[in-house]
Amino acid sequence: MTQLTQSATWQQLATHTTALPHMRELFENNDQRFNAMHLKSCGLLLDYSKNRVNEETLALLFKLANEAQLTDKITGMFSGDIINNTEQRAVLHTALRSKASQTIKAEGQNIVPEVQQTLAKMAEFVEQVQSGQWTGYTGKAITDIVSIGIGGSFLGPKIVTQALRPYWKDLNCHFVANVDATSICEKLKGLNAETTLFVMSSKSFGTQETLTNTLSAKEWFLAQGASQQDVAKHFVAVTSNVTKATEFGMDANNIFPMWDWVGGRYSLWSAIGLPIALVIGMDNFKALLSGAFDMDQHFQQAPLEQNMPVIMGMLSVLYSNFHGAQSHVILTYDHYLRGLPAYFQQLDMESNGKSVTLNGTAVDYSTGPVIWGGEGTNGQHAYHQLLHQGTALIPADFIMPLQSHNPLGEHHNQLASNCFGQTQALMQGRTYEEALAEMSSSKLDDTQKQLIAKHKVMAGNKPSNTLLMDKLTPQTLGALIALYEHRTFVQGVIWQINSFDQWGVELGKVLGNDVLDRIGADHDAQALDCSSNSLINLYRQGQI
Ligand SMILES: O=P(O)(O)OC[C@H]1O[C@H](O)[C@H](O)[C@@H](O)[C@@H]1O
């Protein structure tokens, strides 16, 4: 056993959680439960009262957090300690939303000035493109942005841009990530090369998908009648590898920097967010940063007991390690936020999908659960069935703005009532007696009623958090995303893992390149396992 699972607090939690009454009872016995178990900060309200906790559970969870020296770990991250120990890197995405007056050091250097310079460079560029001053090779203003990147250099900008649709100015934005040619071919259909600007985002400038898509975009661009000299007007890059970007044909002035101390999945706040800024404007982009900054302050300053990311992180630990939960669902009751579950999936699963602790010891407890989800109310007509009556325990986060950007008739009232109704149903469930009583006026005979009642029973006691905001704005979205970033960090601290490397992803890339060589070789594959050899050779034949 590891020290963690041997600890008295861990053992106490294991015993305590089995003895807790049903949530229905917890609510019946305490009409102040909501008051005691909600908090407001940074424009967000978290109601965590519908969780399998009482005061003692929470006290034990905070004790566990203290024993993990969470407060010191938070300070360490914000101060630039080398907490990504396998890559020997600081983790300073929080510096990207810091104030100009702050001093934050990575490897002894204050990095705030370069962050501010990059923001200024982005502001200038955004202004030029949005105003029409930046023109394409035939002198026309830009109308469409095509962002090319993958992973962290794709999903954040895409989801944020999608979420902030009401704040779009005059430019259209498209995203290409997959190396499947269908993605780029479909995107380029209907675009005009004279008015299209490609933003190539790759921290390394070495990711296969992004390089291939950018080369195809360049070929398409040249095939439309443009020349090599025109490339600089239509292709800009965000990268930490300036040499490779200039070799590609980009003007050094149009390369926006990235740094080693920003992890891909935490990078939307950097120049990787350029497509966001181009679409919503720099003021709105800065409001996004400001919302995240507020959450950073809250995370650093609020006591653990009133700290939103800490509470959410510790609740996730509770379900993963003491209730056997293998997954966690994110349910956004807002169409603009429909992409958020995928973004939080990348954030959390690439961060906490780990099996050894920082010092290499195998863990003997669950780490990152599977994160998934979708938008409400759609899911209610599909997978919510399993949430309510399946055998797996799946804690849920419901996220909803109180005011809609599209107030129309009864729509928002209905949306809200569904959201709240679901959390209620998950919590209270339905007993056999209640199910039977509901059928009192039915014409069915007693045997049939009893059978159906058994099928209608819902155990309830299913945990959920509800996160509300007044309205979805750049500011509240920034706070919301930073909340989940820090929640991920909190879990990683308890589990003593490195949430900031991704060696599993790296191996896939290496093997992918090896297979590519074998596909292009002048002989059939023989050296691999028989399944891989056969698949490669079938592909070489082009038919099954
Ligand atoms: O920005 P790039 O260097 O092109 O990397 C793109 C992505 O590559 C990998 O898949 C990493 O696991 C991601 O974290 C990263 O965001």
Side-chain angles (χ1 to χ4, degrees), residues 129 136-137 142-162 171-226 228 230-251 254-256 258 264-265 267-268 270-276 278-279 339 342-343 346 350 502 505-506 508-513 515-517 519-520 539:
V129 176
Y137 69 101
I142 299 299
T143 57
D144 291 84
I145 309 294
V146 177
S147 168
I148 302 178
I150 199 161
S153 298
F154 152 68
L155 205 52
K158 180 183 163 155
I159 299 308
V160 169
T161 308
Q162 185 180 67
L171 294 165
N172 289 316
C173 195
H174 318 266
F175 289 88
V176 175
N178 196 341
V179 76
D180 183 342
T182 303
S183 173
I184 189 150
C185 290
E186 285 297 334
K187 289 281 154 51
L188 293 176
K189 278 182 195 165
L191 288 180
N192 179 353
E194 296 170 70
T195 57
T196 299
L197 176 75
F198 294 91
V199 179
M200 193 266 204
S201 302
S202 176
K203 182 174 159 184
S204 58
F205 213 95
T207 304
Q208 183 196 56
E209 292 92 330
T210 305
L211 289 175
T212 303
N213 277 322
T214 309
L215 282 170
S216 296
K218 189 170 154 186
E219 275 170 29
W220 171 84
F221 175 71
L222 296 174
Q224 308 295 302
Q228 179 66 33
D230 300 326
V231 169
K233 287 186 163 153
H234 291 264
F235 286 80
V236 301
V238 184
T239 185
S240 56
N241 198 333
V242 178
T243 316
K244 277 200 184 173
T246 38
E247 276 167 19
F248 181 88
M250 280 145 189
D251 185 334
N254 305 333
I255 298 171
F256 296 82
M258 258 288 273
R265 54 194 172 274
S267 65
L268 73 89
S270 70
I272 291 288
L274 186 62
I276 307 172
L278 281 164
V279 172
Y343 181 69
Q346 170 182 279
E350 199 175 27
Q502 56 283 316
V505 172
E506 305 296 334
K509 287 187 195 177
V510 174
L511 294 187
N513 281 329
V515 170
L516 190 60
D517 289 345
I519 284 176
Y539 182 79

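A quick note: this is a predicted structure, and the numbers were derived from the prediction, not measured.
- Counting heavy-atom neighbours within 6.0 Å of Lys158 NZ, excluding the residue itself, gives a total of 12 or less.
- Closest non-hydrogen pair, Gly156 versus Leu268, comes out as CA-CD2, 3.9 Å.
- Every side chain to side chain donor-acceptor pair (under 3.5 Å) that Glu350 has, sequence neighbours left out, goes to Arg265.
- Test Ile145, Thr161, Val146, Leu155 against Phe175 for side chain to side chain contact (heavy atoms under 4.5 Å, CB included) and you get one pass: Thr161.
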Is there a side chain to side chain contact (heavy atoms under 4.5 Å, CB included) between Ile142 and Leu171 once you walk through the steps? CA-CA 8 Å; Ile142 299 299; Leu171 294 165; 4.1 Å; yes
Could you walk me through whether Asn241 and Thr239 pass the side chain to side chain donor-acceptor pair (under 3.5 Å) check? CA-CA 5 Å; Asn241 198 333; Thr239 185; 5.8 Å; no
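- No side-chain donor-acceptor contact under 3.5 Å links Thr207 to the backbone of Glu209.
- Of all heavy-atom pairs spanning Ala217 and Phe198, the tightest one is CB-CE2, 3.6 Å.
- A donor-acceptor contact shorter than 3.5 Å is absent between the side chain of Lys203 and the backbone of Ile272.
- A distance-only check finds no donor-acceptor pair linking the side chain of Ser202 to the backbone of Thr210 [under 3.5 Å].
- Qualifying side chain to side chain donor-acceptor pair (under 3.5 Å) partners for Glu186, counting only residues two or more places apart in sequence or in other chains: Lys189.
- Separation of atoms CG (Asp144) and CD (Glu194) is listed at 12.5 Å; rounding is to 0.5 Å.
- Taking CG of Leu191 as the reference point, atom CD of Gln224 lies at 9.5 Å (rounded to 0.5 Å).
- The shortest side-chain heavy-atom distance between Val238 and Met258 falls under the 4.5 Å cut-off.
- Using a 4.5 Å heavy-atom threshold, the side chains of Leu211 and Phe205 count as touching.
- Across every non-hydrogen atom of Trp220 and Leu188, the tightest pair is CG-CD1, 3.6 Å.
- Scanning both residues, Thr196 and Asn192, for their nearest heavy atoms gives OG1-O, 2.6 Å.
- Interatomic distance, NZ of Lys233 versus CG of Asn254, reported as 11.0 Å (0.5 Å rounding).
- Thr212 pairs by the side chain to side chain donor-acceptor pair (under 3.5 Å) definition with nothing, not counting sequence neighbours.
- Residue Cys173 comes nearest to Val279 through the heavy atom pair CB-CG2, 3.4 Å, listed as atom of the first residue, atom of the second, then distance.
- If you check the side chains of Thr195 and Thr143, you find a donor sitting under 3.5 Å from an acceptor.
- Side chain of Ser216 to backbone of Asn213: no donor-acceptor contact under 3.5 angstrom is found.
- The CG atom of Leu278 sits 12.5 Å away from the CG atom of Asn172 when rounded to the nearest 0.5 Å.
- Using cut-offs of 30° and 60° for the angle between ring planes, the Phe221 and His234 rings count as tilted.
- When all heavy atoms of Ser183 and Ala177 are compared, the pair lying nearest together is OG-N, 4.2 Å.
- Side-chain contact between Phe248 and Met200 is absent, with no heavy atoms from C-beta onward closer than 4.5 Å.
- A donor-acceptor pair under 3.5 Å is formed between the side chain of Thr246 and the backbone N or O of Thr243.
- Between the Gln346 side chain and the Ala342 main chain, no donor and acceptor come within less than 3.5 Å of each other.
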